[in-house]
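Here the structure is laid out as structure tokens; the discussion comes afterwards.
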Amino acid sequence: MTANHGVFDRDTDESVCVTDRVTKNCDLATTQIRTHDTMPPPGGTMSKSRREFLTTASIGLLGAATAFEGQTEAQQPTEGPAGAPPAFGAGPAVGPEVSSATFAEAEKLVQVALHDDERSEAAQSWRKTMAALYERRTGPRKVALETPLAPYSRCDPVLPGQKAGPARDEFVRSNADPGPLPASDEDIAHAPVTKLSRWIEQRKLSSERLTQIYIQRIERLDPKLRCVITLPRDHALGQAKKADTEIAAGKYRGPLHGIPWGVKDLADTAGIPTTYGAEFYRDRVPSSDAAIVKRLNDAGAVLLAKLSLGALALNDIWFGGQTMNPWLLEEGASGSSAGPGAATAAGLVAFSIGSETGGSIVSPAMRCGVTGLRPTFGRVPRTGAMTLCWSLDKLGPMTRYVEDAALVLREITGPDPGDLSSVPSKLDFNASGKVKGLRVGYLPRWMNERPATEVDRVALETVKKLGMTPVEVSIPDWPYDSLQLILFAEGAAAFEEFTLNRKMNELKAQVPDAWPNLFRQARFLSAVDFVQADRFRRKVAEEMARVFADVDLLLVPSLRDEMLTITNFTGQPSLTLRAGFVEVTQARSDWAPDPNHPLPTFHPPRRVPHGVTLIGRLFEEGALCTAGIALEQAFAVAGERPPGF
């Protein structure tokens, strides 16, 4: 589309074609415009034809580019012929006055350079062609967008022509004898869900006793960690007693029956506060349960704790302070699933549910030394959970052992009508399945540069020892961070109201890399670039499909930025598990460095856990967990606990 041919002459009030070249094109332009089917912009009127637009508007979008004179608001178009379709820019001028200088400054934000004449034309016509597009937000006909309302477009990680996921639904858990019940409450608290469930099923341990153990640990240890936002004692004990009664009556619901758990405080819980970690939500009490909460209730699990998250799912600072890492209390637990990471590592819950948009399960799992399973996008419904990004958000288990994560995933998988992106999927898992012959892809350069460590390199050697086959793979050197435009735009849209009414200023974290500033900045991202980023996303997904045509899994350094970004945007599942230990001389942080607040340093260095990450094919979490169990047993470090917890 280009500018109009006819302009309004200020001195004569007559429609003229300003050059001979344009005169030759006037009739053709009119014909083209009249046959182009387009709806009017918000605030426009159906009574104005495209012919009138060519005569009266200060800019047209459909003719040859040329200089022009603007029409004043007082001028009224003449009645057009019957049957002429509506035109862009035919409505009244609205919004604040803008100038060439306005555009010159805005160009710096979106990195686009206009010529002087282009800038002048855009400025003079903006109030007729573009300003009305904001009427939904600025009025007069404002339209509220309810929180559960999702975008019309839906993200599907499965590319056209591809088939994803296993052909069968089969789940085979381990059947080893859990052994005698430990004498120590601490040993019971840190036991795997696989053992806790067997002891409860065999009635060697009651759900009420186990719940009391965790409550006492939360009351004693949470002041050091700040990982629990709400502890619904009575609710938890009521569920535990009900579980014991049912089990005694022979109504055993399955491996999670009677198991106390915690959920990141962005999933709704009926009658129990759900705060999103944000000051302006701290008194919010939902009336219904999120889909995953309902499913775990149906499985007989005991909701014990609402766990901390960085405010609105960013990093590890919430209205109660910073959640700390049980292995190193001088540093944050990482986020935004900080509470699930810290609480699970410290033995305050048997398992937890976290969420990830761009690394929020992987990073705290790494930092706190637990297992984090980020499911395929669409496998686990997000109904009743806070939305940050409709096309990126995922909910998944955080546990101390890999099989525990599979047990939890089994209960929360499957579609829900409240989440338009959730889809039917199968889970084919065998805890004792064979891993020999699996092709494990890796990027050689990544294994020899930061953030990879010796632990990552040993993990690659362990793959070989287990009979899996390492396969060198490569990906293009593309600007993958360009995809983050989608995250910032969707996040800013999800919290538009709180950004525009400045409620964001109430959040504890007010630094350049926190949501308040990022959401304000996102107002100036280009809509065109959003579409281009989405097209780039498909190109990246096609590249990942190429990689997975040659391998069954990928082994990657957990915090390699490119792979965190790529796989979150393509929807691939990931499994992060503890693989060893490293020494650090400085506390680590999710936040950009601040010279005014340097991080603590350590002499001698401190020993902390370090994990590796497996990336799987879409919907093949079963294979991911089977391989993870084999690696976990070979690493033999999952049972070590943070000192003091």
Side-chain angles (χ1 to χ4, degrees), residues 222 224-229 262 264-266 277 307-318 320-346 348-349 352-374 388 394-400 450-453 455-456 487 508-509 511 513-515 556-561 563-565 567-568 574-579 581-582 584 586-594 597 599-600 602 606-613 642 645:
D222 184 59
K224 299 179 183 180
L225 299 174
R226 294 187 291 276
C227 64
V228 177
I229 295 181
K264 186 174 180 177
D265 199 28
L266 52 59
L307 300 172
S308 64
L309 67 158
L312 306 182
L314 179 69
N315 298 351
D316 49 21
I317 294 177
W318 55 290
Q322 185 174 29
T323 298
M324 311 310 288
N325 178 9
W327 290 90
L328 190 58
L329 291 172
E330 293 90 341
E331 71 179 10
S334 192
S336 65
S337 301
T344 304
L348 306 189
V349 291
S352 58
I353 297 291
S355 75
E356 175 154 327
T357 303
S360 293
I361 288 176
V362 174
S363 189
M366 264 282 289
R367 185 85 55 87
C368 299
V370 300
T371 295
L373 176 55
R374 182 190 75 208
L388 177 61
K394 296 161 284 285
L395 300 170
M398 299 182 72
T399 60
R400 288 184 287 275
R450 297 184 66 182
T453 68
V455 172
D456 297 275
L487 184 155
K508 188 177 291 291
V511 292
D513 54 316
W515 284 149
V556 298
S558 295
L559 299 181
R560 184 77 193 199
D561 185 57
M563 193 53 69
L564 269 178
T565 300
T567 56
N568 268 290
S574 76
L575 179 72
T576 301
L577 65 153
R578 193 193 308 176
F581 292 86
V582 297
V584 296
Q586 185 180 45
R588 299 156 296 177
S589 175
D590 293 8
W591 301 94
D594 181 355
H597 298 90
L599 296 168
F602 311 116
R606 300 287 188 87
R607 180 175 178 267
V608 293
H610 187 83
V612 297
T613 293
F645 291 91

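- Between the side chain of Asn315 and the backbone N or O of Ile317, no donor-acceptor pair lies under 3.5 Å.
- A distance of 9.5 Å separates CZ in Arg606 from CD in Glu331, rounded to the nearest 0.5 Å.
- Between Asp456 and Ser558, the shortest heavy-atom contact is OD1-N, 4.5 Å.
- Residue Leu575 is tested with Leu373, Thr613, Ile361, Val612 for a side chain to side chain contact (heavy atoms under 4.5 Å, CB included); the sole match is Leu373.
- A distance-only check finds a donor-acceptor pair linking the side chain of Trp318 to the backbone of Arg226 [under 3.5 Å].
- Nearest heavy atoms, Ala338 versus Asp316: CB-CB, 3.7 Å.
- A donor-acceptor contact shorter than 3.5 Å is absent between the side chain of Arg578 and the backbone of Thr371.
- Of all heavy-atom pairs spanning Ala346 and Leu225, the tightest one is CB-CD1, 3.7 Å.
- For Asp590, the salt bridge (Lys or Arg N to Asp or Glu O under 4.0 Å) partners at least two apart in sequence or on another chain are Arg367.
- What you find for Ala342 and Ala333 is that their closest heavy atoms are CB-CB, 4.2 Å.
- For the pair Leu599/Trp591, no side-chain contact is recorded, criterion being any heavy-atom separation below 4.5 Å from C-beta on.
- Residue Leu559 holds its CG atom at 7.5 Å from OG of Ser334, rounded to the nearest 0.5 Å.
- Shown here for Asp513 and Leu314, the closest heavy-atom pair between the two residues is O-CD2, 3.6 Å.
- Considering CG of Asn568 and OG of Ser574, their distance stands at 7.5 Å, rounded to 0.5 Å.
- Going from atom OG1 of Thr399 over to atom CD1 of Ile353 covers 9.5 Å, rounded to the nearest 0.5 Å.
- The shortest heavy-atom contact between Ala311 and Trp515 is O-CD1, 3.6 Å.
- Ser308 places no side-chain N or O within 3.5 Å of a backbone atom of Val228 that could act as its donor or acceptor partner.
- Between the OG atom in Ser355 and the CG atom in Leu309 there is a gap of 7.0 Å [rounded to 0.5 Å].
- Residues satisfying the side-chain contact (heavy atoms from CB on, under 4.5 Å) test with Pro340, not counting sequence neighbours, are Lys264, Leu307, Ser337, Ser352, Met398.
- A salt bridge does not link Lys394 to Glu356: none of the charged side-chain nitrogens sits closer than 4.0 Å to a carboxylate oxygen.
- For the atom pair CD of Glu330 and CZ of Phe602, the computed distance is 4.5 Å after rounding to the nearest 0.5 Å.
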